[in-house]
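Treat the numbers as computed from the prediction; the structure is a model and nothing was measured. The chains referred to below are lettered A, B, ... by the order of the sequence lines, with proteins before strands, and numbering in each begins at 1.
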Amino acid sequence: MKVSFYKNKVEIRELSEEFEPKHIFECGQCFRWNREEDGSYTGVVQNKVLNVKKSGDLIILNNTNKKDFESIWIDYFDLNRNYSKIKTRLSDSNLKNIVEFGKGIRILNQDEWETLVSFIISANNRILMIKRVIYNLSKNHGHFIGHYRGKEYYSFPTADKINQLSEKDLRLMKTGFRAKYIKDAAERVSKDKEWLYNLKDMSYDQALEEIKKIKGVGDKVGNCILLFSMKKHEAFPVDIWMKRIMEQVYNINGKPEEIRKKSETIFGQYSGFAQQYLFYYASQGKLKE
DNA sequence: CCACAGGGCGGCA
DNA sequence: TGCCGCCCTGTG
């Protein structure tokens, strides 16, 4: 990986095969990135607005600088991890095509609080709706960051801010029955932020048990939070798409917990990465029947 | 108008 | 412990 810095832009070379914006932003791990007309993606991370474009072998981060690249983007885009090695390890006869299909996927390291709320919202919900609810929350209760390409961008509201809202306020954001779960999370986290931010130091099992104490967080949502914001790569979220693809590829069917257990024996420490390639493949309409 | 998609909770065996 | 009805919103 070679990086060049400009006034308001960072360019990355020699990472082409392991970085594909469409794969990264549309594999179900994040909800705040949107495709622009030129095929680039614009999103909000913390209080920054970033645009990501791939042009041939060049990856261009627009609207940013060297300081933010080093302090935010290296970790956020997991740039120090060797995805080539992971893909080689996962490319057995069953997974070869599936890994190839999503070869530019990287697992983002997102904020714990935003990820917690985002995946509570994801319960029994579709991606388009989840994105809409998160946008509503940010626009109405986050703070204004700035304009980019003529659009307004807002940060995700803090736990303290959401804790001041009523269940009715939250329902106005179209959270539906999840409003009381979000309130529960905000109350817990605003009272004790250390609790949430220290979960990453626990084992996978311990952290999952802890995060499930929040109402609205069960096995699937909990595994998503651990994988997408706490670097727990043993995590293997099983939703309806994962059930379908695991049955098709490995002839495994059963309860989510049973499927997760089997994933551990097949993929080991790479379960979370395998889950992303499988989910992306299934969700992009590549399932049979 | 109705059917359906999509995780977790809570009540009831 | 396991099962099942229900929660909410948008789309077809």
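Both A:K174 and A:N124 lie close to DNA chain C; mapped to their nearest nucleotides by heavy-atom distance, the more 5′-ward contact belongs to A:N124. Residue whose closest nucleotide on DNA chain B sits further toward the 5' end, between A:I240 and A:G216: A:I240.
The nearest whole Å value for the distance from the CG atom in A:L170 to the P atom in C:dC8 is 13 Å. Following rounding to the nearest Å, A:K131 (NZ) and C:dT11 (C1') show an atom-to-atom distance of 17 Å. Distance A:F177 CZ to C:dC6 C1': 9 Å, rounded to the nearest Å. One atom, CZ of A:R171, and another, C1' of C:dC8, lie 7 Å apart when rounded to the nearest Å. One atom, CD1 of A:I127, and another, P of C:dT9, lie 20 Å apart when rounded to the nearest Å. Summarising the geometry, the separation between NZ on A:K183 and C1' on C:dC7 is reported as 19 Å, rounded to the nearest angstrom.
For the pair A:R126 and C:dG12, the criterion of a side-chain N or O lying under 4.0 Å from OP1 or OP2 is not met.
Distance from the side chain of A:K255 is smallest to C:dC3 among C:dC3, C:dC8, C:dG10.
With hydrogens and angles ignored, the 3.5 Å screen pairs no side-chain donor or acceptor of A:R32 with any backbone N or O of A:V44. A:E187 contributes no side-chain N or O that, together with a main-chain N or O of A:N163, makes up a donor-acceptor pair within less than 3.5 Å.
As judged by a 4.0 angstrom heavy-atom cut-off over every strand, A:V217 is placed among residues touching the sugar-phosphate backbone only.
A chain of hydrophobic side-chain contacts below 4.5 Å, direct or via other Ile, Leu, Val, Met, Phe, Trp or Tyr residues, connects A:L50 to A:L15.
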Check the pair A:K48 / A:N63 against side-chain hydrogen bond (donor to acceptor under 3.5 Å, both in side chains), numbers first and verdict last. CA-CA 9 Å; A:K48 308 284 179 185; A:N63 202 34; over 6 Å; no
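Between A:F25 and A:W33, the ring-plane angle classifies as parallel under the 30° and 60° cut-offs.
With a heavy-atom cut-off of 4.0 Å to chain A, the contacted part of DNA chain B has its first and last nucleotide at B:dA5 to B:dG10.
Note on A:E20 versus A:K103: no salt bridge recorded, every NZ/NE/NH1/NH2 to OD/OE distance being 4.0 Å or above.
Residue pairs satisfying the side chain to side chain donor-acceptor pair (under 3.5 Å) criterion with at least one member in residues 169-185 of chain A, sequence neighbours excluded, are listed as follows: A:S166-A:D169, A:E167-A:R171.
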